[in-house]
Number of protein chains: 2
Amino acid sequence: MNNGDVPDIVIHRLPLYLRALDQMAENGQLVTSSQELGQRLAISSAQIRKDLSHFGEFGKQGTGYDIEFLRAQLRRILQVDESWSMALVGAGALGHALVNYGGFRQRNFHIDAVFDNDATKIGTMMEQLRVEDQRYIPERVRELEIYIGVIAAPASVAQAVADMLVQGGVRAILCYAPITLSLPEDIAVEYIDPLLALQSMTYYIHKRQLIIDN
Amino acid sequence: MNNGDVPDIVIHRLPLYLRALDQMAENGQLVTSSQELGQRLAISSAQIRKDLSHFGEFGKQGTGYDIEFLRAQLRRILQVDESWSMALVGAGALGHALVNYGGFRQRNFHIDAVFDNDATKIGTMMEQLRVEDQRYIPERVRELEIYIGVIAAPASVAQAVADMLVQGGVRAILCYAPITLSLPEDIAVEYIDPLLALQSMTYYIHKRQLIIDN
DNA sequence: TAGATTGTTAATCGATTAACAATC
DNA sequence: TAGATTGTTAATCGATTAACAATC
């Protein structure tokens with residue numbers, strides 16, 4: 001991933017900027033500055049200006065950024081003004097939660113197919129969607145022209161599932177399984193794992209207690 | 001966060017190492033090398049050795065690392081051999097999914113209290129737990145000696161909830177609300193937001209299509 | 001005009017990697 | 001002994017920040 005000239009780490013901050021701008025807009029705010037945005041996100045104003053400068057000049061000296069305009073630019077850059085179709089693999093508890101999660105729809109992401117390998121789940125309905133047999137992932141994903149896969153299946157099958165998604169033409173995978181996937185380098189992957197987050201925080205809790213004890 | 005001398009980014013890789021080692025151990029493997037581990041995680045072997053060297057010498061020249069020994073060391077460093085108690089705020093769909101998630105328990109993390117501000121939810125049961133009124137977070141968290149808070153409440157109340165958790169003595173917060181929290185700097189925070197992950201991946205999908213089109 | 005804030009350059013800071021002596 | 005792999009140093013690479021001319 002990342003053949004281009006904009007660093008990954010910059011790309012990963014853009015959605016953060018967009019989110020803050022969305023919230024400002026909701027509050028009726030019209031204009032902001034790199035300083036205000038930075039304060040809100042705990043990021044330096046210089047970094048925000050630098051990040052944005054990779055894509056163009058969106059501000060005005062002396063006044064800052066027009067919020068509506070910058071939002072539109074960021075949505076265009078991230079391509080989140082279009083609607084995106086997603087294929088979900090895994091019809092368990094997590095899968096259900098994801099299908100029912102309104103936040104995706106609200107931001108133009110839609111789950112349009114659900115797969116599982118459990119015979120007792122295949123054929124059942126999840127919201128409007130019939131759970132399909134996992135083995136048909138490649139052909140169905142291609143048929144539906146889906147470019148984003150979401151893996152909510154156990155780690156043991158995650159790699160196989162990922163391979164099938166890629167076979168179907170998926171370009172990006174959001175993986176909830178606790179495993180590092182091995183994929184062609186032109187496929188984008190992101191991982192969601194609350195346990196990793198918890199396990200790094202406990203390191204810091206421990207450290208603070210040590211300091212107190214001394 | 002991070003008064004110590006080990007960089008944050010190193011701490012965040014340790015749980016990844018531990019996870020891979022756990023999986024190797026499950027498969028009956030006894031020994032590994034920085035090279036094998038790196039290949040599996042898409043991290044350079046030099047980086048793994050460097051990261052570990054912040055904490056001690058855990059390997060043997062010529063043979064590599066004893067998996068059981070290294071796991072024990074990492075669990076000790078991260079303090080994940082102890083059991084951790086957590087307070088969950090938000091008894092909605094996400095809150096239910098989190099309470100029912102077996103992965104936490106399996107790794108020594110337990111949800112021991114649930115709070116909400118919705119009168120129709122307060123008093124109802126979630127698994128073994130009675131949903132309590134959000135306003136009692138500070139006193140109850142202190143009473144139960146809970147050091148980790150999990151926010152599964154809407155963004156609109158997330159900051160207020162975080163403040164109450166900190167008042168109760170929480171040292172770390174796992175935040176599912178789409179907002180950057182403003183907290184004392186000795187409080188560890190991690191965010192889980194699948195939308196941010198999706199919105200950065202769509203940038204890359206777009207880029208690849210451009211390349212193909214040319 | 002005076003004040004504010006941008007976009008950008010150069011300097012600083014920090015993280016990653018290559019290489020290798022040590023040694024199992 | 002020969003082969004493998006560690007822990008560590010120094011070099012490289014990349015990201016962040018400070019500073020400021022440009023200009024609204």
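Computed from a predicted model, the values in this text were never measured in an experiment. Residue numbering restarts at 1 for every chain, and letters A, B, ... go by the order of the sequence lines.
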Is a donor on one side and an acceptor on the other found under 3.5 Å between the side chain of B:W84 and the backbone of A:L198?
no
For A:Q47 and A:K60, find the nucleotide of DNA chain D closest to each by heavy atoms; which residue's nucleotide sits nearer the 5' end?
A:Q47
Does A:R49 or B:S53 map to a spot on DNA chain D nearer the 5' end, using the closest nucleotide for each?
B:S53
Ignoring hydrogens and angles, tell me if any N or O in the side chain of B:D112 forms a donor-acceptor pair with the backbone of B:S85 under 3.5 Å.
no
Salt bridge present between A:R76 and A:D81 (N-O < 4.0 angstrom):
no
What is the distance from atom CG of B:L70 to atom CZ of B:R75, rounded to the nearest 0.5 Å?
10.0 Å
Roughly how far, to the nearest 0.5 Å, is CE of A:M164 from CZ of A:F115?
9.0 Å
Enter the distance from A:I173:CD1 to A:D163:CG here, rounded to the nearest 0.5 Å.
8.0 Å
Using the test ring-ring contact (aromatic ring centres under 6.0 Å, His included), find all partners of B:F58 that sit at least two apart in sequence or belong to another chain.
none
Please find the earliest and latest nucleotides of DNA chain C, in the 5' to 3' direction, that have an atom within less than 4.0 Å of any heavy atom of chain A.
C:dA4 to C:dT9
So what does B:I9 touch, heavy atoms closer than 4.0 Å: a base, only the sugar-phosphate, or nothing?
sugar-phosphate
Please identify which of these residues, A:V157, A:D116, A:L165, meets the side chain to side chain contact (heavy atoms under 4.5 Å, CB included) condition with A:V89.
A:L165
Using a heavy-atom cut-off of 4.0 Å across all strands, would you classify A:S45 as base, sugar-phosphate, or nothing?
nothing
Which helical stems does DNA chain D take part in, if a stem means at least 3 consecutive Watson-Crick or G-U pairs with both distances below 3.5 Å?
C:3-24 with D:3-24
